Amino acid sequence: MNEKIIVRADDLGYSCAVNYGIYEATHRGIVNNVSLMVNLPFSEHGWKLLKNEPDTDIGLHVVICAGKPLSDPKLVSSLVQEDGSFKRSQVYHDAFEQGKDIVDYEDAVREVEAQYECFVEMTKREPDYLAGHTVLSLNFIQALRDVASEHQIPYLSFDVEHDFEFQGQKLTPFMEDFSLDYDPLATLAHVLSAADKRPHVIPELILHPGFLDQFILQHSHLVYPRTLDVEMATSGQAIEMIERHDVQLVRYSELADSAKHD
């Protein structure tokens, strides 16, 4: 068995229903990498559900576009609205499209550091990787890289359009659940095909499993596809497809050791 794929679930901590969906996708399904948000009211609930799952990597999913900062809002003024909550992702996007990066680098470093410290306090462990909840800002990306480097945590790119290097391995991302005609089993088939055709590049399937509750309906643009991701990740069909292609579901933390032997 030479081919490998990564399957990751993002947004643990977003809402109670999302947490339960990710738990199902991990406990009964094919997910073994999970990204935890730590600045939301449901973060601790999500961690308690997942903390005893064996052979599962837990990464820090840094958020600056949902909920409130863990830093004093006055000290991260470029990231917040008048009420002290984070600016919405569309605000960053619109500014970036106009050639503006509205994120102050020092503000971003302060908040990334605060969320890292919260992750360690909550989980009593280091994150297996550090990534950002997608925001269009080069200053935010640089802050993520620098804080990850400071704490010797692998930085995981959230670029979903290009191959990238991670721990000595080349990864190619697949994230299609924002598509109008999203079919997660078809996406999994694309991932498995890529593993067959490009054996020296590891496909990375990024999912957003979750059930739905009022909070997620009010606060997220991604709604119904979350339920499709739970259904696919726990389906016998997905497991059978993976077994038929004879690929290995790997964790991010296994990639550095794997690179040494490739």
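Computed from a predicted structure; not experimentally measured.
When all heavy atoms are compared, the tightest approach of Ala131 to Leu144 is O-CD2, 4.2 Å. Nearest heavy-atom pair, Phe119 versus Gly59, reported as atom, atom and distance to 0.1 Å: CE1-O, 3.7 Å. Summarising the geometry of Leu60 relative to Pro127, their closest heavy-atom pair is N-CB, 3.8 Å, with the distance given to 0.1 Å. Contact between Gly13 and Leu40 at its shortest, heavy atoms only, is O-CB, 3.6 Å. Looking at every heavy atom in both residues, Leu207 comes nearest to Val7 through CD1-CG1, 3.9 Å. Asp159 and Pro173 make their closest contact through O-CG, 3.4 Å (heavy atoms, listed as atom of the first residue, atom of the second, distance).
Judged purely by distance below 3.5 Å, without hydrogens or angles, the side chains of Ser137 and Asn139 never pair a donor atom with an acceptor atom. Remark: the Asp94 side chain and the Gln90 side chain contain an N/O donor-acceptor pair separated by less than 3.5 Å.
The closest donor-acceptor contact from the side chain of Asp213 to the backbone of Ala17 lies under 3.5 Å. Side chain of Glu254 to main chain of Arg251: a donor-acceptor pair is present (N/O by atom type, distance under 3.5 Å, no hydrogens or angles). Looking at Thr56, its side chain does come within 3.5 Å of a backbone N or O of Pro54 through a donor-acceptor pair. Side-chain N or O atoms of Gln81 include one that pairs as donor or acceptor with a backbone N or O of Phe86 at under 3.5 Å. Under the 3.5 Å distance criterion, the side-chain polar atoms of Asp11 are left unmatched by any main-chain donor or acceptor of His208. The backbone N or O of Ile58 lies less than 3.5 Å from a partner atom in the side chain of Asp128, making a donor-acceptor pair. In this structure, the side chain of Tyr92 engages the main chain of Leu79 through a donor-acceptor pair within 3.5 Å.
Residues Val201 and Val247 do not share a hydrophobic cluster, clusters being chains of Ile/Leu/Val/Met/Phe/Trp/Tyr side chains in contact below 4.5 Å. At a threshold of 4.5 Å between side-chain heavy atoms, the hydrophobic network of Ile, Leu, Val, Met, Phe, Trp and Tyr places Phe178 and Leu136 in two separate groups. Linking ILVMFWY side-chain heavy atoms closer than 4.5 Å, directly or via other members, places Leu12 and Leu70 in a single hydrophobic cluster. Ile206 and Leu228 fall into different hydrophobic clusters, where Ile, Leu, Val, Met, Phe, Trp and Tyr side chains are chained together by heavy-atom contacts under 4.5 Å. In this structure, Phe140 is not a member of the same hydrophobic cluster as Val160, with clusters built from ILVMFWY side-chain heavy atoms closer than 4.5 Å.
The side-chain hydrogen bond (donor to acceptor under 3.5 Å, both in side chains) contacts involving residues 105-114 comprise Ser71-Glu111, Ser78-Asp107, Tyr105-Asp146, Glu111-Gln115, Glu113-His151, where partners must be two or more places apart or lie in separate chains.
Residues satisfying the side chain to side chain contact (heavy atoms under 4.5 Å, CB included) test with Ser193, not counting sequence neighbours, are Lys197.
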field: Working for side-chain contact (heavy atoms from CB on, under 4.5 Å), residues Asp163 and Arg198
entry: CA-CA 12 Å; Asp163 294 355; Arg198 303 177 69 195; 2.7 Å; yes
- request: I would like to know whether Leu171 and Leu255 meet side-chain contact (heavy atoms from CB on, under 4.5 Å); could you show each step before the answer?
  value: CA-CA 10 Å; Leu171 274 58; Leu255 295 185; 4.0 Å; yes
task: Give the C-alpha distance, both sets of side-chain angles, the deciding distance and a yes or no for side-chain contact (heavy atoms from CB on, under 4.5 Å) between Glu53 and Ile22.
output: CA-CA 11 Å; Glu53 283 300 299; Ile22 291 176; over 6 Å; no
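In this structure, Glu240 places its CD atom where more than 12 heavy-atom neighbours from other residues, nucleotides or ligands lie under 6.0 Å away. Around atom NZ of Lys68, no more than 12 heavy atoms belonging to other residues, nucleotides or ligands sit under 6.0 Å away.
Contact check for Glu3 versus Asp246: no side-chain heavy atoms found under the 4.5 Å cut-off. You'll find the side chain of Leu36 reaches within 4.5 Å of the side chain of Thr123, heavy atoms only. Taking the side chain as every heavy atom from C-beta outward, Thr187 and Met232 never approach each other to under 4.5 Å. The side-chain heavy atoms of Thr234 and His27, taken from C-beta on, include no pair separated by under 4.5 Å. Inter-residue side-chain proximity for His133 and Met37 is flagged as met; some heavy-atom pair is nearer than 4.5 Å. A 4.5 Å side-chain heavy-atom check between Ile5 and Leu205 finds every atom pair outside the cut-off. Looking at heavy atoms from C-beta onward, Arg88 lies out of side-chain contact with Cys65 at the 4.5 angstrom threshold. In this structure, Ser220 and Arg226 have side chains that are in contact, with non-hydrogen atoms separated by less than 4.5 Å.
Ion pairing between a basic and an acidic side chain is recognised when a charged N comes within 4.0 Å of a carboxylate O; Lys124 and Glu121 show such pairing.
To the nearest 0.5 Å, atom CD1 of residue Ile64 and atom OG of residue Ser89 are 10.0 Å apart. The CG atom of Leu138 sits 4.5 Å away from atom CZ of Phe96, with the distance rounded to the nearest 0.5 Å. Between the CG atom in Leu130 and the OH atom in Tyr116 there is a gap of 9.5 Å [rounded to 0.5 Å]. Between the NZ atom of Lys170 and the CZ atom of Phe164 there is a distance of 11.5 Å, given to the nearest 0.5 Å. Annotation: the span from Leu192 atom CG to Met241 atom CE amounts to 5.5 Å, rounded to 0.5 Å. To the nearest 0.5 Å, atoms CE (Met175) and CZ (Arg8) are separated by 8.5 Å.
For the side chain to side chain donor-acceptor pair (under 3.5 Å) with Asn19, the lone residue among Lys48, His45, Glu24 that qualifies is His45. Each of Asp55, Asp57, Asn33 was compared with Ser253 under the side chain to side chain donor-acceptor pair (under 3.5 Å) criterion, and only Asp57 meets it. Applying ring-ring contact (aromatic ring centres under 6.0 Å, His included) to Phe42 and the options Tyr14, Trp47, Phe215 leaves one that passes, Phe215. The one candidate from Tyr252, Tyr129, Tyr155, Phe158 that meets the ring-ring contact (aromatic ring centres under 6.0 Å, His included) condition with Phe166 is Tyr252.
Side-chain heavy-atom separations under 4.5 angstrom define the hydrophobic clusters, and Leu75 shares its cluster with no other residue.
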